[in-house]
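What follows is a single structure, written as structure tokens, with notes after it.
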Amino acid sequence: MTGIDPEDTKTDDEDGFLNVSKSQALEEEERRRQFDVILKKPLSHWSGVDSGVELKEALSALLFGLRSSTPDSLGDGSQGKQAPDRSSRPLSAVSMSYQNFAAPEDDQQYEKRSEFIPLRISDEERSLLATMEAALDVSDYTDKVDILIFSNAKMREIIRTQIMDFLSIVSGLLISNNFAMGKKVLSSGNFADHAELFQKVFELARRHKISNPEKLRTEYGKMIYLLQDSQNRDMVKELKFSLMKPLETVRTFLEGRGCLELLGDPELEMATRDISTVSKNRENIAWELGQKARSRDAIVKRWVGKGSGIPALSESDIVRVLESIGDSNSFLRSVRDPCDEMIGYLKKYFKKDETPEKPHSLSIAYGRGGARLTHTHKQQYNYVLQSLLMWREVASDMYKLWYLAEKDLLSADHQYSLRSSLQGLCRIQSAPNVSKAMKEILSRVKTKTSSWVGSWVVHLGDHNVPNAFIFIDKYNQIGRILTPIVHTIRKLDEVGHDDDDLRAYIKDNYRDAEAAKRLILKDFFRHGFDGSGADNFYDAGSCIDGRLTSAW
């Protein structure tokens with residue numbers, strides 16, 4: 001979307017998106033700003049408003065904002081060289097995307113969220129990140145370390161040797177990126193003298209991975225296990241320094257600049273919004289991008305040079321903060337929105353009170369089609385709904401859960417043991433912080449459902465989910481599981497308009513696109529939630545972890 005030039009959306013006789021005079025444009029922009037501010041106010045604010053004037057102004061701004069946010073107010077896309085208007089096509093889902101409306105209240109609590117949002121890597125830091133990625137790519141640390149040896153002294157020596165070898169690789173690769181720095185590290189012969197440098201490269205790689213879960217998919221495991229070994233108290237004494245450094249987040253960055261107040265800026269939500277392209281024409285998208293750009297410019301102008309820290313906030317600092325929050329919003333849309341859409345599909349295409357005799361029943365039976373659970377249609381409906389609600393909550397809290405996972409993994413108070421598990425030879429380690437957070441999530445989900453179906457056991461630190469790293473890796477698959485299904489359902493309407501042969505195929509085999517959607521969803525809701533993650537009820541049949549294992 002960043003490639004769209006708003007100038008391309010102008011027609012020959014238009015001077016802007018809304019075809020209004022400059023004075024009218026300024027007035028409407030101010031009303032939109034008021035619209036955003038009003039939506040962010042809690043309900044408690046309005047209960048205390050005595051005067052009807054503010055309520056009248058608020059209602060006026062809300063009505064204007066809702067009217068101006070519709071595609072019709074932006075033109076029909078039929079003039080000039082604009083993209084075809086597809087807004088009249090039927091929507092393929094019950095729209096639940098938060099990006100089409102104001103962000104939910106929890107998402108607007110940036111003061112709270114910023115504690116776990118990693119700061120985006122700067123241009124200067126990328127060379128160090130490239131060095132770390134290259135070192136991890138050639139390292140075979142876990143192959144050398146994760147082996148069964150019954151002598152603790154021998155194992156400790158192997159770990160120390162492998163860590164020193166890895167630091168030597170990093171030092172050598174530094175020369176290719178920064179000759180002076182690499183030469184200084186290698187010539188000193190003492191890694192402890194450059195502890196801050198090594199802490200920095202490890203912190204950069206961790207921050208980069210959390211911001212981009214699709215990156216470092218094999219390398220992150222090596223790195224986190226190496227850090228886990230380095231945090232052993234005996235190993236810290238032998239190395240004479242620690243490789244650990246707290247993650248730099250949006251909050252810690254702004255605290256260092258003495259400008260946490262920026263997180264309360266009324267235009268922050270618009271300036272960091274991830275613009276969705278679903279069911280929008282080009283004019284609508286361009287208008288939203290323009291609104292986002294104007295909000296960003298306003299925030300930069302308002303906060304540049306502010307703050308009590310040294311140095312004060314620069315323009316690049318503010319842009320970096322906004323982009324970091326924007327990255328987190330993009331992640332939420334890519335992982336959480338598919339959960340919302342699947343919940344919408346479940347409620348639209350299936351009903352709780354359907355009987356097993358009807359063709360749209362979701363009932364499953366043990367031993368049939370690979371199922372290891374027996375559920376009536378109503379039980380399976382609730383089971384799927386609970387699972388999707390739980391995945392949505394996990395996706396919403398993923399940054400927090402990742403932060404807690406690293407806290408558990410790298411704690412010197414919780415040592416791991418190397419044992420055989422369902423995933424092979426694994427590091428079994430308790431994860432008290434993640435376990436507590438998951439119980440809180442489970443409690444929230446239970447309040448949204450009338451009755452609980454299945455087990456509510458959260459496996460962590462056992463042979464099912466050995467440690468917090470495996471937990472994070474499993475739940476990062478939510479988007480990869482649901483997104484292809486969501487995209488397929490969306491496209492069924494579109495291909496029916498664009499391809500006559502495919503439309504005829506759908507009609508001959510499925511009657512219509514709606515029937516095809518229902519069949520796809522029925523197959524997933526039955527066989528993706530049938531307890532086939534393992535061969536018994538307790539391990540992975542209907543437990544919290546087993547629901548996800550069954551789906552993939």
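Of the inter-residue distances, the one linking F191 atom CZ with F166 atom CZ reads 11.0 Å to the nearest 0.5 angstrom. To the nearest 0.5 Å, atom CD1 of residue I149 and atom CD of residue E157 are 11.0 Å apart. The structure places CG of D337 at 9.0 Å from SG of C339, a figure rounded to the nearest 0.5 Å. Atom CD of E393 and atom CG of L388 lie 12.0 Å apart (nearest 0.5 Å). In this structure, I117 CD1 and Y110 OH are separated by 8.0 Å, a value rounded to the nearest 0.5 Å. For the atom pair CG (L313) and CH2 (W303), the distance works out to 8.5 Å, reported to the nearest 0.5 Å.
Side-chain polar atoms of Q429 and D408 form no donor-acceptor pair below 3.5 angstrom. Q231 and S242 are linked by a side-chain donor-acceptor pair at a separation below 3.5 angstrom, with hydrogens and angles left out of the test. S396 and R336 share a donor-acceptor pair across their side chains, judged by distance under 3.5 Å alone. Judged by distance alone, the side chains of K474 and T549 do bring a donor and an acceptor atom under 3.5 Å apart.
A donor-acceptor contact shorter than 3.5 Å links the side chain of S168 to the backbone of M164. Of the possible donor and acceptor atoms, none in the side chain of K292 sits under 3.5 Å from a partner among the backbone N and O of I275. Under a 3.5 Å cut-off, the side chain of S435 and the backbone N or O of A431 do not form any donor-acceptor pair. In terms of modelled atom types and a separation under 3.5 Å, the side chain of S114 and the main chain of V250 share no donor-acceptor contact. Looking only at distances, no side-chain donor or acceptor of D165 sits under 3.5 Å from a matching main-chain atom of Q162. When atom types are taken as modelled, the side chain of N281 and the backbone of N284 share a donor-acceptor pair closer than 3.5 angstrom. Remark: the backbone N or O of A412 is paired with a side-chain donor or acceptor of Q415 at under 3.5 angstrom. Side-chain N or O atoms of S230 include one that pairs as donor or acceptor with a backbone N or O of L227 at under 3.5 Å. With hydrogens and angles disregarded, no donor-acceptor distance shorter than 3.5 Å links the side chain of T252 to the backbone of E248. A donor-acceptor pair is defined here as one N or O able to donate and one able to accept, closer than 3.5 Å; no such pair exists between the side chain of T483 and the backbone of R480.
Across all non-hydrogen atoms, the minimal contact from D265 to I299 is OD1-CG1, 3.7 Å. R233 and D413 make their closest contact through NH2-OD1, 2.6 Å (heavy atoms, listed as atom of the first residue, atom of the second, distance). Considering every non-hydrogen atom in both V335 and A395, the closest pair reads CG1-CB, 3.5 Å. Across all their heavy atoms, T249 and E115 have their closest contact at CG2-O, 3.4 Å. Nearest heavy atoms, I147 versus L418: O-CD2, 3.5 Å. The two residues S430 and H414 come nearest to each other via the heavy atoms OG-ND1, 3.6 Å.
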Starting from the C-alpha separation in whole Å, work towards a yes-or-no answer on side-chain hydrogen bond (donor to acceptor under 3.5 Å, both in side chains) for R113 and N329. CA-CA 11 Å; R113 286 179 55 200; N329 290 336; 3.1 Å; yes
Run the numbers on Y475 and F471 for ring-ring contact (aromatic ring centres under 6.0 Å, His included), then give the verdict. CA-CA 6 Å; Y475 280 94; F471 168 86; 4.9 Å; yes
Take F331 and Y399, measure what ring-ring contact (aromatic ring centres under 6.0 Å, His included) needs, and give me the verdict at the end. CA-CA 10 Å; F331 171 79; Y399 282 148; 5.4 Å; yes
V304/D317 under side-chain contact (heavy atoms from CB on, under 4.5 Å): CA gap, chis, key distance, verdict: CA-CA 9 Å; V304 67; D317 289 337; over 6 Å; no
Taking it one step at a time, do D143 and K222 satisfy salt bridge (Lys or Arg N to Asp or Glu O under 4.0 Å)? CA-CA 9 Å; D143 294 336; K222 299 179 193 176; over 6 Å; no
Given the rule in the side-chain contact (heavy atoms from CB on, under 4.5 Å) test, do K215 and H208 qualify, once you have shown the distances and angles that lead to the verdict? CA-CA 8 Å; K215 305 287 187 181; H208 179 65; 3.8 Å; yes
Evaluate the salt bridge (Lys or Arg N to Asp or Glu O under 4.0 Å) criterion for residues R156 and E238: first the C-alpha distance (whole Å), next the side-chain angles of each, then the deciding distance (0.1 Å), finally the verdict. CA-CA 10 Å; R156 190 160 56 248; E238 291 190 32; 3.4 Å; yes
Could you please spell out the steps behind the side-chain contact (heavy atoms from CB on, under 4.5 Å) verdict for H459 and D462? CA-CA 7 Å; H459 288 284; D462 59 17; 2.7 Å; yes
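The pair R333-D340 does not meet the salt-bridge criterion, since no charged nitrogen lies less than 4.0 angstrom from a carboxylate oxygen. The existence of a salt bridge linking E125 and R207 is confirmed by a sub-4.0 Å separation between a basic side-chain nitrogen and an acidic carboxylate oxygen. Salt-bridge formation is detected for the pair E288/K280: a Lys NZ or Arg NE/NH1/NH2 atom is positioned less than 4.0 Å from an Asp or Glu carboxylate oxygen. Look at E203 and R206 and you find no salt bridge, because none of the NZ, NE, NH1 or NH2 atoms lies under 4.0 Å from a carboxylate O. Checked for salt-bridge contact, D397 and R444 meet the test: a charged N lies under 4.0 Å from a carboxylate O. D327 has a carboxylate O that lies under 4.0 Å from a charged side-chain N of R120, or vice versa, which qualifies the two as a salt bridge.
Shown here is E214, whose CD atom has more than 12 heavy atoms of other residues, nucleotides or ligands within 6.0 Å. By the 6.0 Å contact criterion, NZ on K407 is open, its count of non-hydrogen atoms from other residues, nucleotides or ligands being 12 or less.
Side-chain contact between N467 and I428: absent, with no pair of heavy atoms (C-beta onward) separated by less than 4.5 Å. For the pair L492/I520, a side-chain contact is recorded, criterion being any heavy-atom separation below 4.5 Å from C-beta on. With a 4.5 Å cut-off on side-chain heavy atoms, K436 and E440 count as touching. Put simply, the side chain of K209 reaches to within 4.5 Å of the side chain of R217, judged on heavy atoms.
Checked against salt bridge (Lys or Arg N to Asp or Glu O under 4.0 Å), D229 has the following partners two or more places apart in sequence or in another chain: R427. In this view, Y141 satisfies the ring pair (Phe, Tyr, Trp, His ring centres under 6.0 Å) rule with no residue, not counting sequence neighbours. Listed by chain and residue number, R251 satisfy the salt bridge (Lys or Arg N to Asp or Glu O under 4.0 Å) test with E255 (two or more places apart in sequence, or in another chain). K184 is linked by a salt bridge (Lys or Arg N to Asp or Glu O under 4.0 Å) to nothing, counting only residues two or more places apart in sequence or in another chain. Partners of F524 under the side-chain contact (heavy atoms from CB on, under 4.5 Å) rule, at least two apart in sequence or in another chain, are M342, I481, L482, I485, F529. Partners of E261 according to the salt bridge (Lys or Arg N to Asp or Glu O under 4.0 Å) rule, which considers only residues two or more places apart in sequence or in another chain, do not exist here.
Shown are R294, K301, R302; of these, the salt bridge (Lys or Arg N to Asp or Glu O under 4.0 Å) with E267 is made only by R302.
Y225 and F469 have their aromatic ring centers within a separation under 6.0 angstrom.
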